[in-house]
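These notes are about the structure you will find just below.
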Amino acid sequence: MVELPDLAVWIRHLLRQIPMGKVMTYGQVARLMGNITAARYIGEYARRHDHTNECPCHRLVRQTGELGLYVSGETREKETRLRAEGVIFKGDHVDLKQSGWQPDGDLFNSPLTELHEYQESICRAVKTSPLTGPIKLIAGVDLAYPKKGIGQAACVILNARTLKVEHELIQRSSISFPYISGYLAFRELPLLLSIWEELVRQNIEPDLIFVDGNGQLHPRKAGIASCLGVEINKPTIGIGKSLLCGSVPKGDETERPVLFQNETIGMAITSRRSQKPYYVSVGHRLTLAEAVDWTHRAGKQKKHRLPEPIFLADRLSRQ
DNA sequence: GCGACAG
DNA sequence: ATCTTGTCGC
C-alpha cells in the first residue's frame with residue numbers, strides 16, 4: 001500500500017493561504033487536491049472538521065456563491081464573518097467574480113494525484129486469466145463504522161460447496177482517510193490487509209474472496225477488490241450495491257453488461273429476490289464469466305439479494 | 001434544473 | 001457508511 005496523505009492537514013494548509021475577504025469554492029479545492037469528485041468531501045469537511053475560533057473555514061463556499069453549511073450545519077455565523085472581512089455579496093450570495101480567489105502557480109501538491117499512480121499500478125497488475133487450482137474455501141469481507149473514526153472489518157469463511165460457515169473474524173481500528181468516491185481502498189484496505197494477516201497467522205487461506213466494493217468496475221479500473229487481490233495475490237470478486245461508473249443497457253435480462261469507455265468492466269445482476277441489481281466485477285485472477293458464475297453459486301439459497309459471503313460479512317461487521 | 005459518484 | 005419508525009411482504 002502507498003503512504004496515505006493527511007487530507008485534513010492539506011486542507012488546513014490551503015485554507016490559511018486564502019486572503020481575508022476572499023473565498024474559494026469546494027470544487028476549486030477539490031481540483032487542487034487532484035479530483036473534482038472530492039468536492040463533496042470538501043463540503044463535508046467544512047461542517048465536520050475540528051473547528052477552532054481562528055479556523056478560516058468560512059472562506060469555503062459553493063460554486064453558485066451560496067454559502068453552504070458552516071460548522072455544525074449553521075450558516076448565520078458564516079455570513080457574519082465573511083461580511084466582516086469585506087467579502088462582496090450579491091443578495092445572500094457571495095460575488096465570486098469579485099471575491100473569489102485561486103492560488104497562483106502550482107504551489108500545492110495534489111495528494112489525490114499521487115494516489116492515482118498507485119491505482120494505475122494496481123490496474124496494470126490485475127490478471128483476468130482463468131482461475132487455477134481448486135476453490136474449497138470462499139470468503140466475504142466488509143467494513144462497518146460503529147463510531148466516527150472507527151472501522152470494524154469482518155471476514156466470513158465458508159465451505160465453497162456447502163456454503164457452511166467455517167470461520168468468522170472481526171477486527172477494529174481507527175480510520176483516518178475519508179470516504180471519497182473512487183478512493184474507497186485508501187479508507188478500507190489497511191484494515192482488510194490487517195484482517196488478512198490474522199487469517200494467515202491462523203493458517204486459514206480462502207481460495208476466493210468476495211469484497212464489498214468493486215474491482216475493475218472503477219473509473220481507473222482499480223477498485224478495492226482489485227487492490228486487495230493484487231496486494232495479497234489471491235483471486236477476488238468485487239460486489240457493488242450501486243453503480244459507480246459506466247452504463248447498463250435497458251432491459252429485463254438478469255445479467256446485463258456494465259459498459260465503460262468501450263469495454264465491459266462488470267455485470268449487473270438482478271436476482272429474483274429484488275428488482276435492484278448488484279454489480280459484479282473482476283477483482284483479480286479470474287475472468288468476469290467466472291466471477292459471475294461464482295457469484296451465482298454463492299447465492300444459490302436465494303435467501304438474500306446479495307451473494308451469501310457478502311451478506312454474512314456485512315451482518316457480522318455491524319455486530 | 002439536472003446530471004452525478006462503491007462505502 | 002450512518003442517522004432512524006413504522007410498515008410491507010414472505
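Lettering of chains follows the sequences in order, A, B, ..., and the numbering in each one begins at 1.
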Between the protein and nucleotides 1-3 of chain B, which nitrogen or oxygen pairs come in under 3.5 angstrom?
none

*Base versus backbone protein contacts along nucleotides 3-10 of chain C [heavy-atom cut-off under 4.0 Å; B, S, -]*: --------
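With sequence neighbours excluded, the residues that form a side-chain contact (heavy atoms from CB on, under 4.5 Å) with Leu184(A) are Tyr179(A), Glu188(A), Ile224(A).
In this structure, His116(A) has its ring center closer than 6.0 angstrom to the ring center of Tyr183(A). For Phe260(A) and His218(A), the distance between ring centers is not under 6.0 angstrom. A centroid separation of less than 6.0 Å is found between the aromatic rings of Tyr118(A) and Phe186(A).
Side-chain nitrogen and oxygen atoms of Lys148(A) include none within less than 4.0 Å of the OP1 or OP2 phosphate oxygen of dT2(C). Contact annotation: Arg187(A) does not reach the phosphate of dA1(C) (side-chain N/O to OP1 or OP2, under 4.0 Å). Phosphate proximity of dA6(B) to Tyr279(A): absent, as no side-chain N or O sits under 4.0 Å from OP1 or OP2.
Counting only Watson-Crick or G-U wobble pairs whose defining distances are both under 3.5 Å, DNA chain B contains no stem of 3 or more consecutive pairs.
At the heavy-atom level, Tyr183(A) lies under 4.0 Å from base atoms of the strands shown.
Rounded to whole Å, the distance from CD1 on Ile269(A) to P on dA6(B) is 19 Å. In this entry the distance linking CD of Gln152(A) with P of dT2(C) reads 10 Å, nearest Å.
A heavy atom closer than 4.0 Å to some atom of DNA chain B occurs in His218(A), Gly223(A), Ile224(A), Gly240(A), these being the qualifying members of residues 215-240 of chain A. The stretch residues 110-125 of chain A does not touch DNA chain B, since none of its heavy atoms comes less than 4.0 Å from the strand.
Between the side chain of Ser317(A) and the main chain of Ala154(A), no donor-acceptor pair closer than 3.5 Å is present.
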